[in-house]
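Below, chain A is the first sequence line, B the second, and so on; all start at residue 1.
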Amino acid sequence: MAVEHVILNSNEISRALTRIAHEVLERNKGAKDIVLVGIRTGGVYLAQRLSRRIEKIEGDAPPVGVLDITLYRDDLDTRSATPALETTDIPFDMTDRRVVLVDDVLYTGRTIRAALDSLIDLGRPKEIQLAVLIDRGHRELPIRADYVGKNLPTAFDEKVLVLLEEAGEEDRVILKRAVRDA
Amino acid sequence: MTLKRKDILSIADLEREEMDLILHTAESFKEVSMRDIKKVPALRGKTVINLFFEPSTRTRTSFELAAKRLSADVINISAGASSTTKHETLLDTSKNIQALQSDYIVVRHHSSGAAHFLASALHCSVINAGDGTHEHPSQGLLDLLTIKEKRGDFKGLKVVIVGDILHSRVANSDIHGLLKYGADVHLVGPPTLIPRGIEKWGVTVHYHLDEALASADVIILLRLQLERQGKSFFPTIREYSKLYGLNRRRLSLADPKCLVMHPGPINRGIEVTSEVADGLSSVILEQVTNGLAVRMALFFLLSGGSRE
């Protein structure tokens, strides 16, 4: 048995992304030099949406890259199965640009650690910032996000699912809690 | 989907889904070799031993580079420089290698079945890099990847394999792989170099190259394995080249978009004229590039996961 709560609906996701787009522009004083890199798979859709929002506000759409962190994971030896590898596609030079790394959920921070190592092997950005839709806490590494859609305190046994239209779902964020039978 | 196996020994025992996974993973790995820093940490701390009892440049280098790009440590052992010259057996040599805590042994051996033999005796992963006249699975997979990239689909594709089918482990791996993907496989060569009864596998056999090439989509040329033949299977190399060598006139019989492939090393002027080998239809060097990606995929997919 599991109980589900809708944490963000479609409008709330949309508002959170609009706010993050403004925050990115404010902090970086415009869209110049900004590139977005989405972490597969959810982060890629969010990065594409952020790019379109920034274009609406500033007129220029920052380029979007796709990052697969599989080869940089720290649990390749301990997982029960080899994770699927997809292509990393960053069709621009990141050197001396400000990279906004985008992911759907920030949790232990291990994915972001892997993404940072991977980005630094791919180029030398001037700065890397982190944007996430949900920060659910329970960090295991000293990592924090620069832009957060929603802070969501969670328990270990809960699951946070970010469902997006691009993946064939209705836009929403769900918190799943396992309920034990008495 | 993961590879639930310890070893890669032949294409014959791979499931279609496993081949899909290997090819898809290899496509993703191609991007790594386009980077400035062509190295990822996925196999950090793993050890790969290349154990080659037969000469090889392409395959050994490709396996070595694939392992190094995944951050594994690689040792190359070739027969001439190893204790096999002091009559150590294959099993003893490899058990000693395993005792050094190696994770993978890539083996090439002149006896068919050598890789299977090692795989059943060792805990570490064994990858067959060619055993006698049996199979050369990584070559088969890179050929499939090259065709898939260029043509998209195998269904109904007319693939003509030319030459020494009898001694070729590449042909054996290619035939198994192509048939699993539903290609229309044609073999052509001198009757002495075509195994009797191979039609039962579902392939078409020809003895005349011109007839076989009609509207072919892919031509895979095989190297004449002169070192493996021992006795003569055809009168002279000159005659072989006249009857079974690919030249511009013969290529024009095939489909205009036909791909020309060769596992290398090429005997220029025997299996193929330089004009064709270096021509626009040739994807021989793409095969080499894809080979690296396929071998990275094999190491990576064998690296993790619980095994049944």
Give me the one residue out of A:L85, A:L71, A:T88 that meets side chain to side chain contact (heavy atoms under 4.5 Å, CB included) with B:V32. A:L71
Inspect the surroundings of NZ in B:K38 and state if more than 12 heavy atoms from other residues, nucleotides or ligands are less than 6.0 Å away. yes
Bottom line for B:K46: the part with an atom under 4.5 Å from chain A's heavy atoms is side chain
Under the ring-ring contact (aromatic ring centres under 6.0 Å, His included) test, residues paired with B:F117 that sit two or more places apart: none
dist A:L76:CG -> B:F300:CZ (nearest 0.5 Å) comes out at 5.5 Å
Quick check: closest heavy atoms across B:K39 and A:Y72, and the distance to 0.1 Å? O-OH, 3.7 Å
Does the side chain of A:D68 come within less than 4.5 Å of B:E31's, by heavy atoms? no
Are there over 12 heavy-atom neighbours, none belonging to B:K30, within less than 6.0 Å of that residue's NZ? yes
Within 6.0 angstrom of B:R44 CZ, more than 12 heavy atoms from elsewhere: no
Mark yes when over 12 heavy atoms from residues, nucleotides or ligands other than B:I75 sit less than 6.0 Å from its CD1; otherwise mark no. no
Residues of residues 118-145 of chain A near chain B, each having a heavy atom less than 4.5 Å away: A:D121, A:L122
Side-chain contact test, heavy atoms from C-beta onward, threshold under 4.5 Å: evaluate it for A:T82 versus B:T25 and give yes or no. no
Please check if atom CG in B:D36 has more than 12 non-hydrogen atoms from other residues, nucleotides or ligands closer than 6.0 Å. no
Within residues 284-299 of chain B, the residues sitting under 4.5 Å from chain A by heavy atom, in sequence order, are none
Give a yes or no on this: more than 12 heavy atoms of other residues, nucleotides or ligands lie within 6.0 Å of atom CG of B:L280. no
Part of residues 28-52 of chain A lying next to chain B, heavy-atom separation under 4.5 Å: none
